Amino acid sequence: MNDQYRITEPPPRPAAGHFTIMGIALWTGLAAGVVLNTGLQAVGLPLLAVPFGALALACGVVLIVRAVKNRKHRVAGGQR
């Protein structure tokens, strides 16, 4: 007996999209910015640490904005 609704092969995995790649880049930028900012300030080079602090701050803000925007999109779409 044939079951026409039976799936014989698993569905293909989706490729890494822009959202995933961007998220990885933002988290990496946040971590690197925090580590370099802290390390350079501990060594006594605050002028070199400022750009890395700004990088960490910018990545953190973008991650928060994306999370809030994504949550609003999920709630509006009924996927909670």
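Just so you know, these numbers use all the heavy atoms, side chains as well, and skip hydrogens, waters and symmetry mates. Just so you know, these numbers come straight off a predicted model, no measurement behind them. Just so you know, residue 1 is the first one in the sequence shown, and it goes up from there.
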S.K.: Are L57 and V65 co-members of a hydrophobic cluster defined by side-chain heavy atoms under 4.5 Å apart?
M.R.: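 In one cluster: yes.
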S.K.: Picking from V61, V62, L55, what satisfies side-chain contact (heavy atoms from CB on, under 4.5 Å) with C59?
M.R.: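 One option only clears the test, and that one is L55.
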S.K.: Can you see which heavy atom on L40 is nearest to which on L48, and at what distance?
M.R.: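 So the two residues come closest at CD1-O, 3.5 Å.
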S.K.: Hydrophobic clustering (ILVMFWY, side-chain heavy atoms < 4.5 Å, transitive) - are I24 and L63 grouped together?
M.R.: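 No, separate clusters.
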S.K.: Taking distance alone, no hydrogens or angles, what donor-acceptor pairs closer than 3.5 Å link side-chain atoms of residues 30-38 to residues at least two apart or in another chain?
M.R.:
{"residue": "N37", "atom": "OD1", "partner": "Q41", "partner atom": "NE2", "Å": "3.4"}
{"residue": "N37", "atom": "ND2", "partner": "A49", "partner atom": "O", "Å": "3.0"}
{"residue": "T38", "atom": "OG1", "partner": "V34", "partner atom": "O", "Å": "2.8"}

S.K.: Is there a chain of hydrophobic side chains (I, L, V, M, F, W, Y, each step under 4.5 Å between heavy atoms) that links W27 to M22?
M.R.: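 Yes, W27 and M22 fall within the same hydrophobic cluster.
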